[in-house]
Protein chains: 2
Amino acid sequence: MNLKELASLLNLSTTTVSRALNGYPEVNAETRERVVAAARRHGYAPNQGARRLATGRAHAIGHVIPLARHQMINPIFAEFISGAGETYSIAGYDMIASVVPEADEADAYRAMIAQRKVDGILVHTPRLLDPRIDLLSGFSLPFLMHGRDSRPERDYCWIDINNRRAFLRATDLLLDLGHRRIGFLNGMEHLNFAQRRRSGYCAALTARDIAPDPDLMRHAEMTEAYGYDGVREMLGLPDPPTAFLASSIITAFGALRAVSEAGLRLGADISIVTHDDELSHMSNAGPVPLFTATRSSIRAAGRRAAEMLIALIEQPGAATRSELWEADLTIGRSTGPRV
Amino acid sequence: MNLKELASLLNLSTTTVSRALNGYPEVNAETRERVVAAARRHGYAPNQGARRLATGRAHAIGHVIPLARHQMINPIFAEFISGAGETYSIAGYDMIASVVPEADEADAYRAMIAQRKVDGILVHTPRLLDPRIDLLSGFSLPFLMHGRDSRPERDYCWIDINNRRAFLRATDLLLDLGHRRIGFLNGMEHLNFAQRRRSGYCAALTARDIAPDPDLMRHAEMTEAYGYDGVREMLGLPDPPTAFLASSIITAFGALRAVSEAGLRLGADISIVTHDDELSHMSNAGPVPLFTATRSSIRAAGRRAAEMLIALIEQPGAATRSELWEADLTIGRSTGPRV
DNA sequence: TTCAGGACTCAAAGCGCTTCGGATAGAAGG
DNA sequence: CCTTCTATCCGAAGCGCTTTGAGTCCTGAA
């Protein structure tokens, strides 16, 4: 069933039917009802390809997911996507996701734009000096970055959490509890967020005249095994840490496993603070959560990011402001004074 | 830059340029080279909307992700998607994902089809008697289900693992080790895979004249907390289990946490077997993995599912067969004889 | 009665691509 | 030298929609 058929069925022109369905005012209320009813009855919906061609708008937003050699897909990504997807559905946008080898990433962005597949692009997990900013700035298509670059002079729109402050506060908390040797299980440090977290961690230490110890700082993909191995190895050091700071709750669970296995009691012998993205299958909720954590919902970030990007698309004039969210610091059962 | 501009730039007709770019034989090799070079130089790529309209093919595959009230997004989903996405990219398909409230699920499928957004649909996590099979069978669009329905008489294409067999073998293993009280932390039992797993678990028990004990069987969303709570509560029973069977490695990690917290030793005092989807951030790899597990890569399933669906789309005649994969049973450090 | 103006409706022109059905020119065959 | 291929290329139609610019038919004021 297409527009023409529907129109002739109703003895109306395609113009009127199109207008009736798209809510234009110059069509009789009664006519509109007839049209809408008939469309529903016959399961008519406008062909998206034709609509795209006629309007020049794709009503879709692109996500490029680079797959590195190690083939990891961050569970955080799923959660963010699900938040963004909620907003897209409500606003009538499709999400198109392109999973490509890391090396083809730039081409994937270029193709999306050249083929006019999307009206905007959402960019994930920026690197330190992320080439995608300059790449995408070269086109006139709106894009929004989840996270930031390190160069404030670049002009683009982003949403991020205050990673530095969060990890500074987390480290401060542990220092206040008397901990002096704090193991840091960071994310991969070529990523911007990890660099900022490290900066917060180091700043808190140096503010108390503690030199950051390279032996206590690690960075890697934030897996469970990484948390386990990291803690296990650091606990084997001559002067082992009494507390750990984890960059992801998944890593924190791994850390906890190593702590338990070593026969140490969480919150008594060893303290752990983690960042908590509120992943739905790794909940750290409850009145007194398991982990003391800096917390910020990644799903909420996804929702908001999508809203901001859609605003960028639909009101090109209006200056959409970037947003910096503060993470909550919630005290759980995983921290206590140094013994 | 569009076709017409590119064509006049080259002093060729749009016909020839289009054919050159699409690899039709009736164009001079030299001409083709000129065209391809010019297209690259000017960053030309055909407008996808126009192409869709002209060819009637969307070159896209749809995924509908229903968001239940509890708003959970399964990490397994991300992993599957990433596998499927790899295949899509190689084959030149887009993945379009629609995140909708559970109640709007059927409409989301209908809209995708009516608007001709996709050439095929990949359906996730079937329920017991999944209405989507009849819904989608009513259209002429190919679809593929990751998982199966319980009604063998329905004719559709699927890929699945042998959940029943996997859990039967896992249970058998524990029984062989002398365990008689085996706690079962299943996924939500309105889902098909969970029902099959339960059937395998029960079959193994009854084969040894052990009546399945409802107190030892739970089903819920497969979170870490569920594993923890489940084990904790079952360990508090008058006649507690000596082994546990978990439906997801996330749950298994939660189970392990409860075991450790109770001061029990994994593989000695308590055994755990889990299903392992090979999630990239929750690895259970290594020569002797942490968990004894029934293992099947969900990412590989995603890749294969995408291949099958694309075959369904591109060779409508050819009978594409459904596939049932067997899971590996790998022995780790989490199982041992009953004490 | 006339006519301006509002309320509806319509025909037709694209949007950018693919593809059908020729055209043209040189090569091959008679 | 004329016809028939073959290798290339082109014009134009059409995919299904939106939207511009024009009506047409009322209503109510003059």
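Chain A is the first sequence line, chain B the second, and so forth, proteins listed ahead of strands; every chain is numbered from 1.
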Taking the side chain of [X] as heavy atoms from C-beta outward, which of [options] is closest to it?
X	options	value
A:Thr15	C:dC10, D:dC9, C:dC17	C:dC10
B:Asn2	C:dC17, C:dT9, D:dT19	C:dC17
A:Arg19	D:dC9, D:dG21, D:dC17	D:dG21
B:Ser18	D:dC10, C:dC17, C:dT18	C:dT18
B:Leu3	D:dC10, C:dC17, D:dC15	C:dC17

Side chain to side chain, A:Leu21 and A:Val36, heavy atoms closer than 4.5 Å =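 Side chain of A:Leu21 against side chain of A:Val36, heavy atoms only: contact under 4.5 Å found.
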Could you tell me which non-hydrogen atom of B:Asp130 sits nearest to which non-hydrogen atom of B:Asp149, and how far apart they are?
->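 Scanning both residues, the minimum pair turns out to be N-OD1, 2.7 Å.
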Over all atoms of both residues, closest heavy-atom pair of B:Leu312 and B:Cys157 | CD2-CB, 3.9 Å
Specify the separation, in whole Å, of atom [atom1] of [X] and atom [atom2] of [N].
X	N	atom1	atom2	answer
A:Arg32	C:dC8	CZ	P	10 Å
A:Glu30	C:dC8	CD	P	10 Å
B:Asn11	D:dC9	CG	P	13 Å
A:Asn47	C:dG16	CG	C1'	14 Å
A:Arg52	D:dC17	CZ	P	15 Å
A:Leu21	D:dG16	CG	P	16 Å
B:Arg57	C:dT19	CZ	P	11 Å
A:Met1	D:dC17	CE	P	11 Å

If each of A:Arg34 and A:Arg116 is mapped to the nucleotide of DNA chain C with the nearest heavy atom, which maps nearer the 5' terminus, i.e. the 5' end?
-> A:Arg34
Below 4.0 Å: OP1/OP2 of [N] and any side-chain N or O of [X]:
X	N	result
A:Tyr24	D:dT19	yes
A:Thr31	C:dT9	yes
B:Asn22	C:dT18	yes

In terms of side-chain heavy atoms, does B:Tyr24 have a donor or acceptor partner in B:Arg32 at a distance below 3.5 Å?
->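 B:Arg32 and B:Tyr24 do not have a side-chain donor-acceptor pair below 3.5 Å.
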B:Asp94 pairs by side-chain hydrogen bond (donor to acceptor under 3.5 Å, both in side chains) with which of B:Gln48, B:His59, B:Lys117?
-> B:Gln48
Residue closer to the 5' end of DNA chain D, B:Ser13 versus A:Ala54 (nearest nucleotide) =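 Its nearest nucleotide being more 5', the pick is B:Ser13.
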DNA chain D: 5'-proximal contact among A:Arg51 and B:Thr55 (nearest heavy atom) |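 Per heavy-atom nearest nucleotide, the more 5' residue is B:Thr55.
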